Amino acid sequence: MRATEYLIPTLRETPAEAEVASHRLLLKAGFIRQSASGVYTLMPLAHRVLLKIINIVREEMNREGGQEILLPIIQPGELWLKSGRWDVYGPELFRLKDRHGRDFCLGPTHEEIITELVRGDLRSYKQLPILLYQIQNKYRDERRPRFGLLRGREFIMKDLYSFDRDEAGLEISYRKMYEAYHRVFSRCGLKFRPVEADSGPIGGSVSHEFMVLAGAGEAIVLYCQHDPCGYAANVEKAKSPATRPQTPEDPQPLEVVHTPGQRTVEDVTSYLGIDPERIVKTLLYETDRGLFAALVRGDRELNEVKLQNAIGAVHLEMAGAETIRRVTGAPVGFTGPVGLHGVELVVDEEVANMVNCITGANQADAHYRNVNPGRDFKVDRITDLRLVHEGDPCPHCGRPLAMARGIEVGQVFKLGTKYSEAMGLTYLDEHGAEKLVVMGCYGIGVTRTLAAAVEQHHDEHGIVWPAAIAPFTVVVVPVNVRDEVQATLAEQAYEMLSAAGVEVLLDDRAERPGVKFKDADLVGYPLRITVGKTAGEGLLELRVRRTGESRLVPLADLVGAVQSLLGDDR
RNA sequence: CGGGAUGUAGCUCAGUUUGGUAGAGCGCACGGUUCGGGACCGUGAGGUCGCAGGUUCAAGUCCUGUCAUCCCGACCA
């Protein structure tokens, strides 16, 4: 490919709206252009990268027996009503009507349509397992699209769905995908970490997310640095052992303390001169399952996802001042479990262990001292509600957990029978009994992976593509295209590399060398071949983008030198 | 959806306070000189100032509405 015949519209100045590195560099280097908020055109360079990532994904899916299909992006609303998600999915779902007024949506995911598909053709256990996947545009009307390709409203995903006869079969499919994901992201040249993930209030049991470690990541990961342990989870899922009171105490009689204007845990601790571990925070939540109070220790933070799972709620929101006054009879800051009616109490394990703690008294300017769970209030439910922080002990080995930010590029998920039950997907087993199919789903954000690669591989000059997904692996730069010797040598180098199957771009533009060097660094070709002052001696300069190291090679040795360098890079 | 900000040339921005003929740099086209890290000189093209109303002799500038985009938060089976 020749630069004069190829659209690589690099910009000298960075478009103002771009904040994170991948967004900024992809715009500046001419890979993407924005069409609407969260909607982008992939230019020729980005499209080449995309195809490479897709090829890797496709090879690894096929290797595990995945069969590729194309599913409709426009999906009938009827199917979503059947699964119950037409109402649950909310405004994230892009909805539309056809000319007859029938409801449709743009698929944000494809469980419904694929379950329906398989239902039509699956009869016998002999047909199982089935692994089907598609790589297509998906649509989610995000409240706030951001960071360029990292969180768009239109994006490309690979989704594979597994259909098995039982849990044991699902376990095999799950493991296959888990291994395949390792290979996919390794081959893409990414540093990543699989972590235990929350599977949501509805749906199955086990889930892992694959995180590309990068500062711009929106997800927070906690992991154990101790090697053989290897515990890692995203912050919603992360656990840490509950602590018990150090010194045993006898329960003391309940008493009221006057605490004028002391609303926060900080206020109360300093006012009463006590540790926050002695306080119990009572947080009121309004949910689709009713009103709940969550109790955590004063020095802890509530993990809303854990609360949501504990009570099986889909939506949950902290109660406002109005509700708090109505329910507790007191202003915000004095809520407590003692004498609280009409609200289910969800109690963190740590709180259940506490003796003689401080809580709000459900009246203005007052707290209770010597509150004891079980004695002074009824504990409706005990569970883990704590948000884990960096430094908290690992649930497996007790060593302090480390924290990192990550970009979620893939998730593997045991769905179980959620969709097969809702959609009536069954088969007959060898005894002629009708059984529910056990499903799994496995997604990879392809466009997000592209952006994540840039996030992880760039420097102050531009992108530094891993060789396996670079748009071109080599750029040949003649310093002066009007110099006959240079032009001819560059042409020869280009022909030889092309013939050897190397993906090479010849920068034959009549630009000054500085411009071409800057562009080469910006676009991020792993290798650059400069044809310049040593052209007369038949020598070309081979330079590695990542390290900046360079050396002179004669034309005859060029292909070998390039291939060995690419070998190192992979 | 709450908070903040911005819409003027392809890009980055000035001009808005105090209403009076639309600006700069980069990029682009043409000519010339240059040619190993975003050259220089000259000439030129390019804008219904986001959109719609209103005030005024006169609106990029003032008023009202509206749309779009970005950032923070909330949200993210």
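First the proteins, then the strands, lettered A, B, ... as listed; each starts at 1. Nothing here was measured: the structure is a model prediction, and the numbers come from that model. Atoms considered below: every heavy atom in the structure, side chains included; atoms not considered: hydrogens, waters and symmetry mates.
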Quiz item: Does A:Asp519 make a side-chain donor-acceptor contact with the base of B:G38, cut-off 3.5 Å?
Solution: yes
Quiz item: If we call it a pair only when both distances are under 3.5 Å in a Watson-Crick or G-U wobble match, what pairs with B:U64?
Solution: B:A52
Practice problem: Name the residue closer to the 5' end of RNA chain B, choosing between A:Tyr419 and A:Leu11 according to the nucleotide with the nearest heavy atom. | Solution: A:Leu11
Quiz item: Is any N or O donor-acceptor pair between the side chain of A:Arg146 and the base of B:C70 shorter than 3.5 Å?
Solution: no
Exercise. Indicate yes or no: does A:Glu171 engage A:Lys414 in a salt bridge with an N to O separation below 4.0 Å.
Key: yes
Quiz item: For the pair made of CZ in A:Arg24 and P in B:U69, what is the distance, rounded to whole Å?
Solution: 22 Å
Quiz item: Would you say the ring centroid of A:Phe210 lies under 6.0 angstrom from that of A:Tyr178?
Solution: yes
Quiz item: Looking only at atom P, what distance separates B:A5 and B:G10, rounded to whole Å?
Solution: 27 Å
Quiz item: Is A:Arg33 touching bases, backbone alone, or none of the nucleic acid, heavy atoms closer than 4.0 Å?
Solution: nothing
Quiz item: Looking only at atom C1', what distance separates B:G27 and B:G44, rounded to whole Å?
Solution: 14 Å
Quiz item: For B:C13, what is the paired nucleotide under Watson-Crick or G-U wobble rules, both distances under 3.5 Å?
Solution: B:G23
Self-check item: Under 3.5 Å on both distances, the Watson-Crick or G-U partner of B:C76
Solution: none
Quiz prompt | Separation of the P atoms in B:U66 and B:C30, to the nearest angstrom | solution = 47 Å
Quiz item: Whom does B:C28 pair with, Watson-Crick or G-U wobble, provided both distances fall under 3.5 Å?
Solution: B:G44
Exercise. Using a strict cut-off of less than 4.0 Å between a Lys/Arg side-chain nitrogen and an Asp/Glu carboxylate oxygen, indicate whether A:Asp141 and A:Arg153 qualify as a salt bridge.
Key: yes
Quiz item: What nucleic acid atoms does A:Glu218 come within less than 4.0 Å of, heavy atoms only: base, sugar-phosphate, or nothing?
Solution: nothing
Quiz item: Which part of the nucleic acid, if any, lies within reach of A:Thr530 when heavy atoms closer than 4.0 Å are counted: base, sugar-phosphate only, or nothing?
Solution: base
Quiz item: What about A:Arg12, does its side chain sit under 3.5 Å from the base of B:U12 through a donor-acceptor pair?
Solution: no
Practice problem: Looking at every strand, decide which applies to A:Gln486 at a 4.0 Å heavy-atom threshold: base, sugar-phosphate, or nothing. | Solution: nothing
Exercise. Sticking with atom C1', work out how far B:C70 lies from B:G50, rounded to a whole angstrom.
Key: 15 Å
Quiz item: What integer number of Å spans the C1' atoms of B:G60 and B:U6?
Solution: 15 Å
Quiz item: So, the side chain of A:His457 versus the backbone of A:Ala453: is there a donor-acceptor pair under 3.5 Å, distance only?
Solution: no
Quiz prompt | Protein-nucleotide distance (A:Arg143, atom CZ; B:C72, atom C1'), rounded to Å | solution = 15 Å
Exercise. Quickly work out the A:Glu317 CD to B:C75 P distance and round it to whole Å.
Key: 9 Å
Quiz item: With distance as the sole criterion, do the side chain of A:Glu541 and the base of B:G36 form a donor-acceptor contact below 3.5 Å?
Solution: yes
Quiz prompt | Electrostatic pair A:Arg85-A:Asp87, nearest N-O below 4.0 angstrom | solution = no
Quiz item: Taking the six-membered ring of A:Phe155, is the NZ or CZ of A:Lys138 close enough (under 6.0 Å from the centre) and on axis enough (within 45°)?
Solution: no
Quiz item: Is there a Watson-Crick or G-U wobble partner for B:U18 with both distances under 3.5 Å, and if so, which one is it?
Solution: none
Practice problem: Specify the separation, in whole Å, of atom CZ of A:Arg545 and atom P of B:G37. | Solution: 17 Å
Exercise. Give the rounded distance in Å between these two atoms: CG of A:Asp198 and P of B:C76.
Key: 11 Å
Quiz item: Does a nitrogen or oxygen in the side chain of A:Ser37 sit under 4.0 Å from OP1 or OP2 of B:C70?
Solution: yes
Quiz item: What's the CZ-P distance between A:Arg151 and B:A74, to the nearest Å?
Solution: 12 Å
Practice problem: Take the protein atom NZ of A:Lys516 and the nucleotide atom P of B:A39, then report the distance between them rounded to whole Å. | Solution: 13 Å
Practice problem: Between B:G25 and B:G46, how far apart are the C1' atoms? Round to whole Å, please. | Solution: 15 Å
Exercise. Considering only atom C1', compute the distance from B:A58 to B:A22 and round it to an integer number of Å.
Key: 16 Å
Practice problem: Using only heavy-atom distances, decide whether a donor-acceptor pair under 3.5 angstrom links the side-chain of A:Glu13 to the base of B:G25. | Solution: yes
Self-check item: Base partner of B:A59, which must satisfy Watson-Crick or wobble distances under 3.5 Å
Solution: none
Self-check item: Nearest-Å distance once atom P is located in both B:C63 and B:G19
Solution: 12 Å
Quiz item: Only one of A:Ile8, A:Ile463, A:Val49, A:Leu505 forms a side chain to side chain contact (heavy atoms under 4.5 Å, CB included) with A:Pro471, so which one is it?
Solution: A:Val49
Practice problem: Would you mind classifying the nucleic acid contact of A:Arg543 as base, sugar-phosphate or nothing, using non-hydrogen atoms under 4.0 angstrom? | Solution: base
Quiz item: Once you round it to whole Å, what is the distance between P of B:U12 and NZ of A:Lys28?
Solution: 12 Å
Quiz item: Does any N or O donor sit under 3.5 Å from an N or O acceptor when you compare the side chain of A:Arg144 with the base of B:G4?
Solution: no
Exercise. Measure from the side chain of A:Val515, starting at C-beta and using heavy atoms only, and say which of B:U12, B:A39, B:C71 lies closest.
Key: B:A39
